[in-house]
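Take a look at the structure set out below.
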Amino acid sequence: MSVPVKAVSAPIEYVKFGEGASKHFSFNKHVTIALTAGAAVGFMWKTWHWNEKRFIAQYYADLAKKEATEEAARKAAIQEKFKQLEAELLA
């Protein structure tokens, strides 16, 4: 025994276009809102990445500057030590 399957539908007089859920629906409005929201969130995301990239670049620039300063101090200390040893040998 098979039971015939009927699609559920409401007569036209009960569902009129522009009433109920579809009353305030506008496809163009929804697409515009979605595109604007997507562009805004994408710009915020990209700005965050640019900011992180800047912080990372500044960190490595400061690290390189610190290493260069330490290297210059080491070279100056070695030169001073050589001068002291040379003075002791010549004395």
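In this chain, numbering begins with 1 at the start of the sequence shown.
A 6.0 Å sphere centred on CD of Glu52 holds more than 12 heavy atoms belonging to other residues, nucleotides or ligands.
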Requested in this report: Check the pair Glu80, Lys83 against salt bridge (Lys or Arg N to Asp or Glu O under 4.0 Å), reporting the backbone distance first and the verdict last.
Outcome: CA-CA 5 Å; Glu80 184 61 33; Lys83 284 181 185 179; 5.3 Å; no
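Among Gln58, Lys66, Lys65, the one residue that satisfies the side chain to side chain donor-acceptor pair (under 3.5 Å) test with Asp62 is Gln58.
With rounding to the nearest 0.5 angstrom, the CD1 atom of Ile56 is 10.0 Å from the NE2 atom of His49. One finds the CG atom of Leu89 at 11.5 Å from the CZ atom of Phe82 (value rounded to the nearest 0.5 Å). Rounding to the nearest 0.5 Å places CG of Asn28 at 11.0 Å from CD1 of Ile33.
Counting heavy atoms from C-beta on, the side chains of Arg54 and Asn51 come closer than 4.5 Å. Side-chain contact between Trp50 and Lys46 is present, with at least one heavy-atom pair separated by less than 4.5 Å.
Linking ILVMFWY residues whenever their side-chain heavy atoms come closer than 4.5 Å, directly or via other members, places Leu35 and Phe27 in the same cluster.
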